[in-house]
Each structure stands twice: as C-alpha cells, then as structure tokens.
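Note that these values count all heavy atoms, side chains included, but never hydrogens, waters or copies made by symmetry. Reminder, nothing fancy here: chain letters follow the sequence lines and each chain counts from 1.
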Amino acid sequence: MTRAAPAYWLMKSEPFKYSWDDLVAEGEGTWDGVRNYQARNNLAAMQVGDEAFFYHSREGLEIVGICTISVAGISDPTDETGKWAAVKVKPKEKLARPVTLAAIKAEPRLAEMQLIKQSRLSVCGVTAEEWNIIRTMAEG
DNA sequence: GCCAACGTTGGC
DNA sequence: GCCAACGTTGGC
C-alpha cells in the first residue's frame, strides 16, 4: 500500500521513561509497548516517511521534536502474542520552541485535535492542517 | 501524588 | 450482552 503524501502523527512518551534526548542519543528507537487498540491501529497505519510529533506526557506536557517513521508495520518485540504493532522512528528535528499543551488548548483551530479529544490516547493522528499550525507555532 | 477519565475484564 | 470492578493514563 502506498500513499501520495506523508501522514502525520503525535506520539506520547513520558520523558522519565523515554525522552526526546534518549531518542536522539540512540539514533533510532522502537515504539513498542502500546496496549491500546486505537493506538495500535494508528501504529499499524503508519508508513515509512510519515512524520510524528514527539510529545512529553506527565512531565513537560509539550511537543519537543519531530521524528520520522523509519520502519513500519513490525510486530511489537515486547509482546509474545504477536497481535500488537510497533514502528521504528528516527529523530528528525528538535523544535526551535516546544509547543505546550496549554498553547495547543489556547488555539481554537486545534480544538478538534485527537490529542485534545482523547487525552489518554498515546498515539494520535494529526491532520495536515493541524501539523502546519503547530509547525508555525514552533518557529523561534 | 492525586484523581478523573477511560479502556478492559469478568461475573452474571 | 450488561455493567460493576479494576487497572492505567495523563493532566493538574
């Protein structure tokens, strides 16, 4: 399956477990351990070349960087049943200015973001419009 | 650290 | 198939 334009995502991580800096240090990270069906469906829909915001949850509460999907459609190596999905990501760029959850909530055009609507979903879809708005907000 | 929101599980 | 109990996530 191919797609003309890259899709956009937002992936949450608790920085004390796995932070943006950890990903940069590793060079490539496996996004595994997801045990939510909706998040899994998002993971399974990802393709190489898609881009994702890296969001720090619990602490920070902000988008800190952008990563690209480097390997798609793999099964979660931490899962023995084989039914959970994972991808590999590489850091692409660190945002000049992190975009905080508060800033996202304060922007009416972002009120419909899956991030806002489903606060507990750890892998969210982002529309191209939302992506561009946040990229603009992240410019220094 | 607390707790609300939400997803999952299991008894009936 | 319903729903109460339970576990987890994530904002505050």
Side-chain angles (χ1 to χ4, degrees):
Chain A
M1 185 173 128
T2 53
R3 203 164 42 209
Y8 301 109
W9 310 96
L10 183 145
M11 304 166 94
K12 295 182 186 178
S13 183
E14 301 173 357
F16 46 87
K17 284 186 184 165
Y18 193 82
S19 71
W20 170 259
D21 288 340
D22 292 333
L23 176 62
V24 171
E26 277 192 0
E28 183 177 48
T30 302
W31 212 278
D32 55 25
V34 171
R35 295 293 182 272
N36 170 284
Y37 284 101
Q38 217 176 336
R40 184 201 63 168
N41 290 343
N42 284 338
L43 280 176
M46 291 180 183
Q47 295 185 24
V48 173
D50 284 358
E51 300 192 332
F53 287 129
F54 192 113
Y55 175 86
H56 280 168
S57 64
R58 301 290 304 272
E59 281 180 12
L61 308 187
E62 59 191 9
I63 298 168
V64 291
I66 294 171
C67 48
T68 55
I69 309 306
S70 53
V71 181
I74 57 179
S75 57
D76 189 331
T78 68
D79 163 45
E80 291 176 3
T81 69
K83 66 176 187 173
W84 295 103
V87 297
K88 289 190 180 187
V89 299
K90 288 182 175 177
K92 185 185 180 201
E93 69 177 88
K94 187 173 184 172
L95 297 185
R97 273 204 233 158
V99 177
T100 65
L101 180 65
I104 291 169
K105 283 185 171 175
E107 171 52 70
R109 291 175 297 167
L110 299 177
E112 297 299 313
M113 277 191 79
Q114 203 171 17
L115 172 72
I116 304 298
K117 293 272 179 165
Q118 289 170 264
S119 63
R120 291 185 54 220
L121 186 60
S122 60
V123 181
C124 304
V126 177
T127 68
E129 186 189 2
E130 291 160 352
W131 182 270
N132 291 331
I133 292 168
I134 292 171
R135 299 264 357 214
T136 303
M137 291 165 72
E139 286 169 10

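Contacts of Asp32(A) classified as side chain to side chain contact (heavy atoms under 4.5 Å, CB included), with partners at least two apart in sequence or in another chain: Thr30(A), Asp76(A), Pro77(A), Thr78(A), Ala86(A). In this view, Lys105(A) and Leu101(A), Ile116(A) satisfy the side chain to side chain contact (heavy atoms under 4.5 Å, CB included) rule, not counting sequence neighbours. Evaluation of the salt bridge (Lys or Arg N to Asp or Glu O under 4.0 Å) rule for Glu93(A) yields Arg135(A) as partners, not counting sequence neighbours. Taking Ala39(A) as the reference, Val34(A), Asn36(A), Leu121(A), Ser122(A), Val123(A) meet the side chain to side chain contact (heavy atoms under 4.5 Å, CB included) condition, with sequence neighbours excluded. Under the ring pair (Phe, Tyr, Trp, His ring centres under 6.0 Å) criterion, Phe54(A) pairs with Trp20(A), Trp31(A), His56(A), sequence neighbours left out. The ring pair (Phe, Tyr, Trp, His ring centres under 6.0 Å) test applied to Tyr18(A) returns no partner, not counting sequence neighbours.
For residues 70-98 of chain A, the pairs satisfying ring-ring contact (aromatic ring centres under 6.0 Å, His included) are Tyr37(A)-Trp84(A), with sequence neighbours left out.
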Checklist entry - When every nucleotide of nucleotides 3-9 of chain C is labelled 5' to 3' by its protein contacts under 4.0 Å (heavy atoms), B for base, S for sugar-phosphate only, - for none, what sequence of letters results? => result ----BBB
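Residues Ile69(A) and Gln47(A) fail the side-chain proximity criterion, which asks for heavy atoms closer than 4.5 Å.
Rounded to an integer number of Å, the gap from CG of Leu10(A) to C1' of dG10(C) is 13 Å. Look at NZ on Lys117(A): it is 17 Å from P on dG11(C), rounded to the nearest Å.
For residues 98-110 of chain A, proximity to DNA chain B is found at no residue, defined as any non-hydrogen atom under 4.0 angstrom from a strand atom.
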